[in-house]
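Please read the structure below before turning to the comments.
Numbers for residues simply follow the sequence, beginning at 1. Counting convention: from 1, in listed order, for ligands and their atoms alike.
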Amino acid sequence: MSKIRVFENFGELNEAAAEMFCEIGEEAIAQRGRFTVALAGGSTPRELYRLVSSDEYRNRIDWNKVFLFFGDERFVPLDHSDSNYQMTKENLLDRIEISPSNIFPWNTMAESETVAAEEYEKTLQNFFGESLPRFDLILLGIGTDGHTASLFPYTRALNETNRLTAANYVEKLDTTRLTFVYPLINNARQIAFLVSGDEKAPAIKAIIEGELDPDNFPAQAVFPKDGELTWFLDAASARLLIHKY
Ligand code: 6PG
């Protein structure tokens, strides 16, 4: 099942997303004793991370029962300005009381991207104790080209069905990114896309109302097998949608 929620502005989008984050977290902890989350990278989620770690929301979550993973990462040192971990550290991790053992960064100092991806798959399977982990929540963004996590158009990781993670060479960036792949993403209980900005409108239009073409718009292949997908869009990113959601 999927929901599309359009908000007047980015502030309202983040308030709603923070409420969702806390509600999912409270329910996961109540039902299963823990809240497992895969965080999105890029710049859009910064505001959400700052909000859930603010005085207004921070105390709604028992952060020592929260376990944070990263849906994708760049193969750079964790203190590098391009690192998704670094962005999350600045906007979330340094603002909450959480044990370092609850945080699972990719090993971006591994001998290769492939080794880093293989190691992270083992980390996931060891933590969840199952070959196909089921996250309570996976947060994702969208690029202007329709990519999500580091699943970029026409890249090999789009076709990965037997692993949880991939080292994905992205020709247009001339770099290899580390990423979750569809089987892991689509096994989540809840998936939430956070999308803001005028420049994302064409991709949002194509993904949500366009022809099915997931090689070109990888986000189209994100759909939970047994869970819920929610799009958090601001008016600017939703402006080309025909239907009023
Ligand atoms: C990354 C993200 C990527 C991001 C989109 C949107 O590592 O960059 O995982 O998928 O979510 O590129 O990025 P912005 O939020 O910066 O627009």
Does Ala40 reach ligand 1, in the sense of a heavy atom lying below 4.0 Å from it? no
Identity and distance of the protein heavy atom lying nearest atom 13 (O) of ligand 1: Gly42 CA, 4.0 Å
Atom 11 (O) of ligand 1 - nearest protein heavy atom and its distance: Gly141 CA, 3.4 Å
Any nitrogen or oxygen of Thr148, side chain or backbone, less than 3.5 Å from one on ligand 1? no
Test side-chain contact (heavy atoms from CB on, under 4.5 Å) on Ile191 and Asn186 and set out the steps. CA-CA 8 Å; Ile191 301 172; Asn186 289 337; 4.1 Å; yes
Do any heavy atoms of Glu73 fall under 4.0 Å from ligand 1? no
Taking the six-membered ring for Trp, is the centroid-to-centroid distance between Tyr182 and Phe223 below 6.0 Å? no
Going by the atom numbers of ligand 1, which of them fall below 4.0 Å from some non-hydrogen atom of Asn84? 1 (C), 7 (O)
Nearest non-hydrogen protein atom, atom 5 (C) of ligand 1: His147 NE2, 3.4 Å
Restricting to heavy atoms, the pick from Asp72, Thr179, Thr44, Ile142 nearest atom 6 (C) of ligand 1 would be Ile142
Taken to the nearest 0.5 Å, the spacing of Ile103 CD1 from Lys89 NZ works out to 9.0 Å
What's the shortest distance from atom 8 (O) of ligand 1 to any protein heavy atom, and which residue and atom give it? Arg74 NH2, 2.6 Å
Could you check if a side-chain atom of Val170 sits within less than 4.5 angstrom of a side-chain atom of Thr176, using non-hydrogen atoms only? no
According to a 4.5 Å side-chain heavy-atom criterion applied to Ile, Leu, Val, Met, Phe, Trp and Tyr, with indirect links allowed, do Tyr154 and Phe217 form part of one hydrophobic cluster? no
Among all protein non-hydrogen atoms, which one is nearest to atom 17 (O) of ligand 1, and what is the separation to 0.1 Å? Lys200 NZ, 2.7 Å
May I ask you to check whether Ala149 has an N/O atom sitting below 3.5 Å from an N/O atom of ligand 1? yes
Which of parallel (below 30°), tilted (30 to 60°) and perpendicular (above 60°) describes Phe135 and Phe180? tilted
